[in-house]
Amino acid sequence: MTLRGNWATLLLPIAADDAIDFGRLGEEIDILIAAGVDGIYSNGTAGEFHNQTETEYEAIQALLAEKCRAAGMPFVIGACQGDPRQSLERVRRAAGLQPAAIQVILPDWWPVTDEEAIDFLAMMAEAARELPLVLYNPPHAKRVLPPEVLGRLTQAVPSVKAIKLADGDEAWYAAARRYLAGIALFVPGHHLATGLKAGVAAGAFSNVACLSPRGAQAWADSMADAIETALDLEHRICRFMDEHIVPFRRDHDYSNAALDKLLAAIGAWGPVGPRLRRPYRWIPQSEAEKLKPVARALMPELFEA
């Protein structure tokens, strides 16, 4: 039951010298805890798991675990790494911090077969020491797995209790209901109301929480009693994303991490900043300033919470 609801991602504050600013990171965690989100997760795409040393990885997770345990806040550690051996070592270290779950991705240098994916997840499950696993299968993965294949993987490796993935059309939702019943599915944050109404989503590892953690939580909470109102806000969130955020990726080749940090800069709720670690480009703060009034005019509920 812990693996559900509105989860906020941990974004890395990057200093001008390309170092992780751990002082600002601690402040960010405190703000997310105070916002009352359902949980906090580390080292997803927006957490730049692909661009940090192993020493930094350990320090990030230790700080998150310390603050969340003190506050009674559920947390998930991302042990994501494209290299399966590094991923295995990250899982082993994460298990010692006793998170609610550990998130992994499939090996990414060469796409794995179904049998190789099962073997990899079995390795991760053993290293996790009976902690639940969250499989992160994003749209840019080497293999984007359909519900039927994901169902086979979860049956073969029961430790996979949740999956973070992109949703789809009605046919996708029907397949998810058929093959993934009993698995906690985390859909994109800006589709959470649709996913809940369809009876498929357990929650979201949420890009909307990047924009406004407190507003995203209030929106998620409202879905229990006012789903149609929540769907109206979802329509406006999707419009904002499609018209003002997605073009940075589609037309200018910015990464998804850059988009999430832009959302945080627009929301202006914490000390994150838009900067990414080199060599990845970030979207200038000036673009966030232009979009602040647009976001507040189109989605005032997210900023009134």
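Any value given below was found using the heavy atoms of this structure, including those in side chains, with hydrogens, waters and symmetry copies removed.
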Test side chain to side chain contact (heavy atoms under 4.5 Å, CB included) applied to I245 and F240, step by step = CA-CA 7 Å; I245 304 301; F240 178 76; 3.8 Å; yes
inquiry  = Would E89 and R92 count as a salt bridge (charged side-chain N to carboxylate O under 4.0 Å, His left out) here? Give the steps.
reply    = CA-CA 5 Å; E89 290 304 316; R92 285 172 176 155; 2.5 Å; yes
task = Test W109 against D83 for side chain to side chain contact (heavy atoms under 4.5 Å, CB included), laying out the working first.
result = CA-CA 7 Å; W109 175 247; D83 180 328; over 6 Å; no
ask   = Which is it for M123 and R85 under the side chain to side chain contact (heavy atoms under 4.5 Å, CB included) test, yes or no, and what are the steps along the way?
value = CA-CA 10 Å; M123 292 164 56; R85 287 293 146 186; 3.7 Å; yes
request  = Verify side chain to side chain contact (heavy atoms under 4.5 Å, CB included) between L259 and L263, making sure each step is shown before the conclusion.
outcome  = CA-CA 6 Å; L259 270 56; L263 290 172; 5.8 Å; no
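A side-chain N or O of T45 and one of Y136 form a donor-acceptor pair less than 3.5 Å apart. Side-chain N/O atoms of N43 and Q81 include no donor and acceptor closer than 3.5 Å. A side-chain donor-acceptor contact under 3.5 Å links Q285 and E289.
Looking only at distances, no side-chain donor or acceptor of R4 sits under 3.5 Å from a matching main-chain atom of G203. Proximity of a side-chain donor or acceptor of D18 to a complementary backbone N or O of R277 within less than 3.5 Å is not detected. Under the 3.5 Å distance criterion, the side-chain polar atoms of R177 are matched with a main-chain donor or acceptor of A198. Between the K67 side chain and the I29 main chain, no donor and acceptor come within less than 3.5 Å of each other. Checked by atom type and distance alone, the side chain of R143 pairs as donor or acceptor with a backbone atom of V112 at under 3.5 Å. Side chain of Q217 to backbone of D38: a donor-acceptor contact under 3.5 angstrom is found. D251 contributes no side-chain N or O that, together with a main-chain N or O of V246, makes up a donor-acceptor pair within less than 3.5 Å. Judged by distance alone, the side chain of R296 and the main-chain N or O of L291 form no donor-acceptor pair under 3.5 Å. Here the side chain of S87 pairs a donor or acceptor atom with the backbone of A79 at under 3.5 angstrom. Remark: side-chain polar atoms of R90 are not paired, donor with acceptor, to backbone N or O of E54 under 3.5 angstrom.
The environment of CZ in R178 is sparse: at most 12 heavy-atom neighbours from other residues, nucleotides or ligands sit within 6.0 Å. Other residues, nucleotides and ligands place more than 12 heavy atoms under 6.0 Å from the CZ atom of R250.
Using bins of under 30°, 30° to 60° and over 60° for the plane-to-plane angle, the ring pair H252/F248 lands in the tilted bin.
Stacking of R249 on the aromatic ring of Y254 is not recorded, the 6.0 Å distance cut-off and the 45° axial limit not both being met. No cation-pi contact links K164 to F186, judged by a cut-off of 6.0 Å to the six-membered ring centre and 45° from its axis. For the pair R93 and Y57, the cation does not sit on the ring face, since its NZ or CZ is not both under 6.0 Å from the ring centre and inside 45° of the axis.
Residues F49 and L97 do not share a hydrophobic cluster, defined by chaining ILVMFWY side chains whose heavy atoms lie under 4.5 Å apart. In terms of hydrophobic clustering, with Ile, Leu, Val, Met, Phe, Trp and Tyr side chains grouped at heavy-atom distances under 4.5 Å, V294 and I237 are assigned to a common cluster. One hydrophobic cluster holds both W269 and L12 under the rule that ILVMFWY side chains link at heavy-atom gaps under 4.5 Å. In this structure, L11 is not a member of the same hydrophobic cluster as L262, with clusters built from ILVMFWY side-chain heavy atoms closer than 4.5 Å.
Rounding to the nearest 0.5 Å places NZ of K161 at 11.5 Å from CG of L131.
Aromatic rings from W7 and F205 are positioned such that their centres are separated by under 6.0 Å. Taking the six-membered ring for Trp, H50 and Y280 have ring centres closer than 6.0 Å.
Of all heavy-atom pairs spanning A295 and F303, the tightest one is O-CE1, 3.7 Å. Of all non-hydrogen atoms in S42 and L64, the two that sit nearest each other are CB-CD2, 3.7 Å. Heavy atoms only, all atoms of each residue included: L192 and A201 are closest at CD1-CB, 4.4 Å. Residue L133 comes nearest to A125 through the heavy atom pair CD1-N, 3.7 Å, listed as atom of the first residue, atom of the second, then distance.
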